[in-house]
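All heavy atoms count here, side chains included; hydrogens, waters and symmetry mates do not. Read the numbers this way: they start at 1 and go in the same order the structure lists the ligands and their atoms.
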Amino acid sequence: MPASPKILILGAGGFIGSHLLERILTTTDRQVIGIDIQSSKIEHLLDSERLTFAQLNVHDTRAVTEYIEQADIVISLVALCNPALYNTIPLDVIDINFNRPYELVKVCARMGKWLIHFSTSEIYGRTIASYTGLSYEEQEPKNYLLNEDETPLVLGPISNQRWSYACAKQLLERVLYAFAFEKGLQYSVIRPFNFIGPRMDFIPGVDGEGTPRVLACFMEALLFHKPIRLVDGGLNRRVFTYIDDAVDALMCMLRHPDQAKGHAFNVGNVANEISIADLARKMVATYKDLRPEFSECDFEINVVSGKAFYGEGYEDSDRRVPDIAKARELIGWEPKTGLDRALRNTMRAYIEQYASAAACRKAC
Ligand code: UGA
């Protein structure tokens with residue numbers, strides 16, 4: 001029997017990478033090369049005989065190229081994907097999300113490797129519906145449902161540097177498409193819709209600095225008894241997709257390479273759509289349920305402007321509802337985890353990881 005294709009994961013030590021690596025090693029017989037500068041999230045996997053882990057900067061193209069040569073499939077998770085950075089260090093955001101991966105695309109094209117690239121749901125920008133003035137209940141699906149091959153990509157003005165990331169990611173997708181068109185590159189794209197799960201992001205002042213994404217911001221507020229802050233009232237909406245479902249999508253692609261190649265796939269759980277204000281309320285209720293000792297606490301929820309929270313040049317995606325018909329039809333993917341379970345699992349992991357750090361601070 002021919003050996004299974006060897007997989008290289010760039011960014012294997014991050015949130016998504018750690019779950020992907022775990023799944024591939026525990027459910028398949030594939031050989032994997034993992035590259036990352038950090039390994040704290042994958043310590044439990046480093047002993048695997050089928051894993052070669054290289055502690056390297058993924059942007060060291062020369063060193064990484066040696067590993068690409070050994071692999072058949074390259075999965076690239078490398079990104080700066082935190083909105084607090086898009087309008088504050090836009091040059092780094094463009095460099096890491098466009099210039100560096102562009103080099104990787106060239107190498108994969110030259111060597112004939114299948115490149116599976118993690119893009120973002122943010123390339124859709126704002127919905128057409130957001131310009132109609134209708135409330136979300138009144139909007140028509142044709143104006144907000146995001147389809148990979150039909151929906152226009154609507155980004156705000158250049159001075160709203162929030163879009164530096166979406167624009168860099170979009171251009172990279174265009175590069176992939178063009179390389180396939182002109183040079184026969186084999187590629188696939190995943191557009192994540194707010195993946196959540198254990199090991200995501202960081203808590204400021206404990207294991208990172210700055211402002212993480214919304215789940216971690218709200219967990220910091222709950223654990224450390226700070227006010228939850230709703231940016232611009234928390235009216236914008238997201239679908240939160242559990243990491244196990246996200247990894248399922250990748251596994252479906254690996255099982256159906258011919259159907260996956262040459263396509264971008266939305267990976268998001270439509271059933272889990274919620275406004276950020278409702279997410280805050282749901283997280284408070286879930287937290288009290290998971291930690292009954294805090295069930296009588298009042299958790300403050302405040303409203304803050306986007307400018308005050310993120311600085312000048314912030315603008316937001318109003319709504320992100322993926323059309324997942326293509327993933328269903330071509331690779332047989334279907335998300336299974338509802339929001340309640342996704343949140344409970346994620347929040348429980350945060351509590352296990354950070355409760356002792358929080359215990360040092362004041363109770364409610
Ligand atoms: C980010 C990235 O930009 C996307 O590329 C990525 O696909 C996505 O996360 C993801 O996790 O998949 P975004 O959803 O805007 O996009 O990131 P968050 O920081 O999680 O913000 C979600 C919403 O919560 C935004 O409306 C934000 O303004 C709001 N928010 C955030 C609050 O109301 N309070 C906070 O404390 C933090």
Side-chain angles (χ1 to χ4, degrees), residues 14-16 77-88 90 93 96-97 117-127 130 136 146 153 155-156 160-170 172-173 189-197 200-204 210-222 224 226-243 245-246 249 266-269 272-284 299-311 313-322 342 346:
F15 161 51
I16 301 174
L77 289 155
V78 182
L80 258 191
C81 57
N82 178 344
L85 308 176
Y86 307 163
N87 58 325
T88 51
V93 168
I96 288 174
N97 293 301
H117 170 75
F118 275 72
S119 183
T120 172
S121 51
E122 194 154 321
I123 67 158
Y124 292 107
R126 299 181 60 90
T127 64
S130 71
Y136 91 93
L146 306 173
L153 311 176
L155 306 183
N160 285 350
Q161 295 199 85
R162 158 61 190 254
W163 303 114
S164 61
Y165 168 77
C167 187
K169 286 285 210 181
Q170 186 195 133
L172 209 268
E173 279 204 41
V189 162
I190 287 189
R191 295 183 183 159
F193 284 69
N194 294 73
F195 296 171
I196 60 171
M200 71 178 294
D201 283 3
F202 60 91
I203 295 287
T211 307
R213 283 173 295 178
V214 68
L215 241 291
C217 286
F218 289 179
M219 280 312 296
E220 183 201 6
L222 291 167
F224 292 88
K226 295 177 172 179
I228 288 179
R229 289 174 295 169
L230 295 180
V231 174
D232 295 329
L235 301 177
N236 293 320
R237 305 174 69 80
R238 298 289 188 269
V239 306
F240 290 93
T241 306
Y242 194 54
I243 187 67
D245 287 331
N266 287 336
V267 173
N269 190 343
N272 291 354
E273 193 192 9
I274 190 168
S275 73
I276 300 303
D278 285 343
L279 174 75
R281 289 187 275 269
K282 202 174 184 50
M283 285 181 66
V284 170
F299 291 97
E300 210 182 311
I301 300 182
N302 294 339
V303 169
V304 58
S305 72
K307 189 173 167 187
F309 191 84
Y310 289 107
Y314 180 72
E315 189 182 344
D316 205 355
S317 294
D318 53 300
R319 192 172 186 186
R320 296 185 188 149
V321 185
T346 308

Criterion side-chain hydrogen bond (donor to acceptor under 3.5 Å, both in side chains) on Arg162 and Tyr310, from CA distance to verdict: CA-CA 9 Å; Arg162 158 61 190 254; Tyr310 289 107; 5.9 Å; no
Step-by-step side-chain hydrogen bond (donor to acceptor under 3.5 Å, both in side chains) determination, Asp232 to Tyr314: CA-CA 11 Å; Asp232 295 329; Tyr314 180 72; over 6 Å; no
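Separating the CG atom in Leu279 from the CZ atom in Phe240 is a distance of 5.0 Å, to the nearest 0.5 Å.
Listed by number with element, the atoms of ligand 1 under 4.0 Å from a non-hydrogen atom of Arg320 are 8 (C), 13 (P), 14 (O), 15 (O), 16 (O). Taking every heavy atom of Cys81 and a limit of under 4.0 angstrom, the matching atoms of ligand 1 come to 2 (C). Residue Tyr86 has at least one heavy-atom neighbour below 4.0 Å for each of these atoms of ligand 1: 2 (C), 3 (O), 5 (O). Close contacts between ligand 1 and Thr120 involve ligand atoms 4 (C), 5 (O), 6 (C), 7 (O) [criterion: under 4.0 Å to a heavy atom]. Taking every heavy atom of Phe309 and a limit of under 4.0 angstrom, the matching atoms of ligand 1 come to 35 (C), 36 (O), 37 (C). Listed by number with element, the atoms of ligand 1 under 4.0 Å from a non-hydrogen atom of Ser121 are 7 (O). In summary, the atoms of ligand 1 found under 4.0 Å from a heavy atom of Arg238, numbered by their order in the structure, are 13 (P), 14 (O), 15 (O), 22 (C), 25 (C), 26 (O). Those atoms of ligand 1 that come under 4.0 Å of a heavy atom in Leu230, given as number and element, are 33 (O).
Taking every heavy atom of both residues into account, Pro212 and Asp201 meet most closely at CB-OD2, 3.8 Å. In this structure, Met200 and Thr346 approach most closely via the heavy-atom pair SD-CG2, 4.3 Å. Residue Leu155 comes nearest to Gly125 through the heavy atom pair CD2-CA, 3.6 Å, listed as atom of the first residue, atom of the second, then distance. Shown here for Asn194 and Arg238, the closest heavy-atom pair between the two residues is OD1-CD, 3.5 Å.
Side chains of Leu235 and Tyr136 form no contact here, defined as non-hydrogen atoms less than 4.5 Å apart. Proximity of Leu230 to Phe218: side-chain heavy atoms (C-beta onward) are separated by under 4.5 Å at one or more points. Side-chain contact check for Pro322 versus Arg191: every heavy-atom pair is 4.5 Å or farther apart.
Ranking the protein heavy atoms by distance from atom 11 (O) of ligand 1 puts Arg213 NH1, 2.9 Å first. Scanning all protein heavy atoms for the shortest distance to atom 29 (C) of ligand 1 gives Ile276 CG2, 4.1 Å. Of the protein's non-hydrogen atoms, the one nearest atom 17 (O) of ligand 1 is Pro83 CG, 3.4 Å. Looking from atom 18 (P) of ligand 1 to the surrounding protein, the closest heavy atom is Val214 N, 3.7 Å. Of the protein's heavy atoms, Asn194 CA, 3.4 Å lies nearest to atom 10 (C) of ligand 1. Protein heavy atom closest to atom 3 (O) of ligand 1, with residue, atom name and distance, is Glu122 OE1, 2.3 Å. In terms of protein heavy-atom proximity, atom 26 (O) of ligand 1 is closest to Asp316 OD2, 2.4 Å. The protein heavy-atom contact nearest to atom 28 (O) of ligand 1 is Tyr314 OH, 2.9 Å.
For the pair Glu273 and Arg237, the salt-bridge criterion is met [side-chain N within less than 4.0 Å of a carboxylate O].
Considering backbone and side-chain atoms together, Arg229 places an N or O closer than 3.5 Å to an N or O of ligand 1. On a distance-only criterion, Val231 and ligand 1 share at least one N/O pair closer than 3.5 Å.
Under 4.0 Å from ligand 1, the heavy atoms of Arg162 that appear belong solely to its side chain.
The aromatic rings of Phe195 and Phe118 sit perpendicular to each other, their planes meeting at more than 60°, with 30° as the lower class boundary.
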